[in-house]
Amino acid sequence: MSTVGLSRRTHDCGALRPSDAGSTVILQGWVDSVRDNGGVIFLLIRDRYGLTQVTVDDRCAPAVWENARKVRLEYVVEVEGTAMARAPGAVNPDMATGGVEVLATRVTILSRTRPLPFAVGSGGAKAALPSEEVRLTYRYLDLRRPEMQRRLFIRHRAYQVTRRYLDAHGFTEVETPILNKSTPEGARDYLVPSRVHPGHWYALPQSPQIFKQILMIAGFDRYFQICKCFRDEDLRADRQPEFTQIDIEISFATWPLVKELMDGLIQSLFQEIQGITLPPIPVLSYAEAIARYGVDNPDIRFGLEHIGLDWAGTEFRVVRGALDAGGIAKGMVIPGGATRASRKVIDAWTEFVKRYRLGGLLWGKRTDTGWSGPLSKVEPALLDQLGANPGDLALVAAGPAPHVHTALGRLRSHVAEQLGLIDPDSFGLVWINAFPAFERDEETGRWVAVHHPFTKPLDEHIPLMGTDRMGEVLSDAYDLVCNGYEIGGGSIRIHDQALQARVFEALGLSEEEARHKFGFLLDALSYGAPPHGGLAFGFDRLVMILSGTDNIRDVIAFPKTTTAQDLMAGSPSTVDPAQLEELWVRNTV
RNA sequence: GGGGUGGUAGUUCAGCUGGUUAGAACGCCGGCCUGUCACGCCGGAGGCCGCGGGUUCGAGUCCCGUCCACCCCGCCA
């Protein structure tokens, strides 16, 4: 790849090698370090490709010296000089260009800098990274750091691999509107007032869901888009208010076809970016994932699987009480945990599970002869089901099923991380499918769609809709999970308007309401809709995993804080009252 | 909406149970130094101790409130 072309520079800062000795070169870049030894000055020049040492000594003209003395960290300079092989004792084996240096014949300062708010270049290695607040305020400086550049280059590669793969498999990239109709389901919408329609509002898309289904009805057969989505909900380390999805929809799709095509995309991404060939991606049903891992986004890079026990006949009070109240109790065994987990550590785990609305944690250490700890009061025959060996630690959680699953599931990852059971260089991918189609809204008690109301229930479960077994209906939906992160999800959609109407009915949506919210989709479905399905990948999370970070802000050029502010740009901000007036909006703050 | 951690020099941090003039490192400014690569040495400047109240003879330190950053619960079809 040539980066020089018609530019003045002859090489980038990562290019020179001892074999270039004797060449006249021009470099342009930022001053990464200045080592002024009096009679000789060494400048490290940095660009996105690397670092090159420039030498100024008594062979250099007075004008070179004059400018070299003025140079400061992060000045932008152009240096002309002669590439020289370094003397054997002066070679730096830690640098790609460590065998060469450029003896300057000209140093031109292209741009100066004010004193920096924090160390940017390799000199920053000696200082800790500044706070996120400072990094975000001066994002242009943070992004100058090679580590941040590396992540955005990986992101760039991921865009290209995605487009190339999907194009090669017959997908058409289509853009859908950013100014949309609000639908009151799902996350909170970001709203945009209409100037020409007083009192009317657009919503920014939470996803292009309905549009991509309409593209299927329109006959595009295979669609994709790398698109921004917006959800006005509280943030997390892996959640931003605006984020990027690889949005995909396939006509005449079945779950096996979706899996085959998407496994190929994921394989390509890991192959071309990480250079690794993934093993085939396994599939777990939702029910199995919950039983074995407690969560629907399990990290399968380590064991510590949950163990369901048959508690028949137990008189152990905590478990008995939970079971009698309609709850469950299940366990987890930590091999060697009897010595690896101190009482203090177990107490901390007990506190940990309380976050997830669990009352506490029962534990027991398997000894050569029996059990110690609270679990020693349980009937020993029942504990045999745990399959623990002497030296193992068993943890048992009892309570309402959702709390037990979630708490023990989160604890499983917490323990694995704490005990170093996770190989940080490995990737654990797994598909989860056969999700429940409906769940009860905790506040209203109404049935709501777990995925979205266009998700097709499994054929054999369709008759259960609207009956008292509504909660047993499973859907043809699937998520892709990597290292415990949900990185994608989708479903086979309903393409039949009669079935769609039945789902709305089962959800307690009147025909009128359904028409008001989704009328245009219902109309479209009535004009010859092919069977179709698809999914969307969380592109930021994917890049996060591919670049080895656990924070989504690290892979977004200009992210927002946990209070959804852009500290650099200063958004959100107040606006001129005249703007509001034009938009028929009145400020009530 | 709730819980937790943090906020002291440009940056990263120290500052014990309240006590005289708030320190260090890096950076910045000036000087010295001909082979450095975290260069070294000497000197200097730089502080509304996040903000607002309160307790006290006295607050960086204790109390209340508030703002900001981060992590988590709720939330995120």
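In what follows, chains carry the letters A, B, and so on, assigned in the order in which the sequence lines appear, proteins first and then strands, with residues in each chain numbered from 1.
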Under 3.5 Å for both donor-acceptor distances, Watson-Crick or wobble: does [N] have a partner, and if so which one?
{"N": "B:rG6", "value": "B:rC68"}
{"N": "B:rC13", "value": "B:rG23"}
{"N": "B:rG44", "value": "B:rC28"}
{"N": "B:rC62", "value": "B:rG54"}

Can you tell whether the side chains of [X] and [Y] come within less than 4.0 Å, N to carboxylate O?
{"X": "A:Glu233", "Y": "A:Arg188", "value": "yes"}
{"X": "A:Glu147", "Y": "A:Arg150", "value": "yes"}
{"X": "A:Arg236", "Y": "A:Asp238", "value": "no"}
{"X": "A:Lys354", "Y": "A:Glu351", "value": "yes"}
{"X": "A:Glu242", "Y": "A:Arg231", "value": "no"}

Options [options], nucleotide nearest the side-chain atoms of [X]:
{"X": "A:Met95", "options": "B:rC37, B:rC72, B:rU12", "answer": "B:rC37"}
{"X": "A:Arg35", "options": "B:rC72, B:rU12, B:rU36", "answer": "B:rU36"}
{"X": "A:Asp234", "options": "B:rG1, B:rC37, B:rG35", "answer": "B:rG1"}
{"X": "A:Ser33", "options": "B:rC39, B:rC76, B:rG35", "answer": "B:rC39"}

(message) For the CG atom of A:Asp247 and the OG atom of A:Ser207, what is their distance to the nearest 0.5 Å?
(response) 6.5 Å
(message) As an exercise, state the distance from CG of A:Leu43 to OG1 of A:Thr55, rounded to the nearest 0.5 Å.
(response) 8.5 Å
Rounded distance in Å between the [atom1] positions of [N] and [M]:
{"N": "B:rA24", "M": "B:rG44", "atom1": "P", "value": "11 Å"}
{"N": "B:rG1", "M": "B:rU61", "atom1": "P", "value": "28 Å"}
{"N": "B:rG10", "M": "B:rC51", "atom1": "P", "value": "13 Å"}
{"N": "B:rA14", "M": "B:rC32", "atom1": "P", "value": "37 Å"}
{"N": "B:rG53", "M": "B:rG4", "atom1": "C1'", "value": "25 Å"}
{"N": "B:rC42", "M": "B:rG52", "atom1": "C1'", "value": "45 Å"}
{"N": "B:rC13", "M": "B:rC76", "atom1": "C1'", "value": "37 Å"}
{"N": "B:rC28", "M": "B:rC73", "atom1": "P", "value": "42 Å"}

(message) Please confirm whether the shortest side-chain N or O distance from A:Arg355 to OP1 or OP2 of B:rG4 is below 4.0 Å.
(response) no
(request) Answer yes or no: does a side-chain N or O of A:Arg236 lie under 4.0 Å from OP1 or OP2 of B:rC73? (result) yes
(message) Once salt bridge (Lys or Arg N to Asp or Glu O under 4.0 Å) is applied, what residue pairs with a partner in residues 135-146 of chain A remain, sequence neighbours excluded?
(response) A:Glu74-A:Arg144, A:Glu132-A:Arg135, A:Arg135-A:Asp142, A:Arg135-A:Asp554, A:Arg139-A:Asp142, A:Asp142-A:Arg145
Touch class at under 4.0 angstrom, heavy-atom based, for [X] against every strand present:
{"X": "A:Leu116", "result": "sugar-phosphate"}
{"X": "A:Ala90", "result": "base"}
{"X": "A:Pro117", "result": "sugar-phosphate"}
{"X": "A:Glu101", "result": "base"}
{"X": "A:Arg357", "result": "nothing"}

(request) Name the residue closer to the 5' end of RNA chain B, choosing between A:Pro115 and A:Val134 according to the nucleotide with the nearest heavy atom. (result) A:Val134
(message) Should the side chain of A:Arg231 and the base of B:rC76 be counted as holding a donor-acceptor pair, with the cut-off at 3.5 Å?
(response) no
(message) When you measure only distances, ignoring hydrogens and angles, does the side chain of A:Asp58 come within 3.5 Å of the base of B:rU34 through a donor and an acceptor?
(response) yes
(message) Between the base of B:rU11 and the ring of A:Phe118 - centre-to-centre under 5.5 Å, planes within under 30° - is that a stack?
(response) no
Taking only N/O atoms, report every protein-nucleotides 40-46 of chain B pair under 3.5 Å with atom names and distance.
none

(message) Below 30° counts as parallel, above 60° as perpendicular, anything between as tilted: where do the rings of A:Phe118 and A:Tyr138 land?
(response) perpendicular
(request) Please work out whether the ring planes of A:Phe504 and A:Phe518 are parallel, tilted or perpendicular, with thresholds of 30° and 60°. (result) parallel
(message) Walk me through whether A:Asp189 and A:Ser182 qualify under side-chain hydrogen bond (donor to acceptor under 3.5 Å, both in side chains).
(response) CA-CA 7 Å; A:Asp189 283 325; A:Ser182 173; 2.7 Å; yes
Taking [atom1] from [X] and [atom2] from [N], how many angstroms apart are they, rounded to a whole number?
{"X": "A:Arg112", "N": "B:rC29", "atom1": "CZ", "atom2": "P", "answer": "12 Å"}
{"X": "A:Asp94", "N": "B:rU36", "atom1": "CG", "atom2": "P", "answer": "15 Å"}
{"X": "A:Arg239", "N": "B:rC71", "atom1": "CZ", "atom2": "C1'", "answer": "13 Å"}

Nucleotides 66-70 of chain B: which of its N/O atoms have a protein N/O under 3.5 Å away?
| from | atom 1 | to | atom 2 | distance (Å) |
| --- | --- | --- | --- | --- |
| B:rC68 | O2' | A:Glu133 | OE2 | 2.6 |
| B:rA69 | OP1 | A:Thr561 | OG1 | 2.9 |
| B:rA69 | OP1 | A:Thr563 | OG1 | 3.1 |
| B:rA69 | OP1 | A:Gln565 | NE2 | 3.2 |
| B:rA69 | OP2 | A:Thr563 | OG1 | 2.9 |
| B:rA69 | O4' | A:Glu133 | OE1 | 3.3 |
| B:rC70 | OP1 | A:Thr562 | N | 3.4 |
| B:rC70 | OP2 | A:Thr562 | N | 2.8 |
| B:rC70 | OP2 | A:Thr562 | OG1 | 2.4 |
| B:rC70 | O3' | A:Arg553 | NH2 | 3.0 |

(request) Using a cut-off of 6.0 Å, state whether more than 12 heavy atoms not belonging to A:Tyr202 lie near its atom OH. (result) no
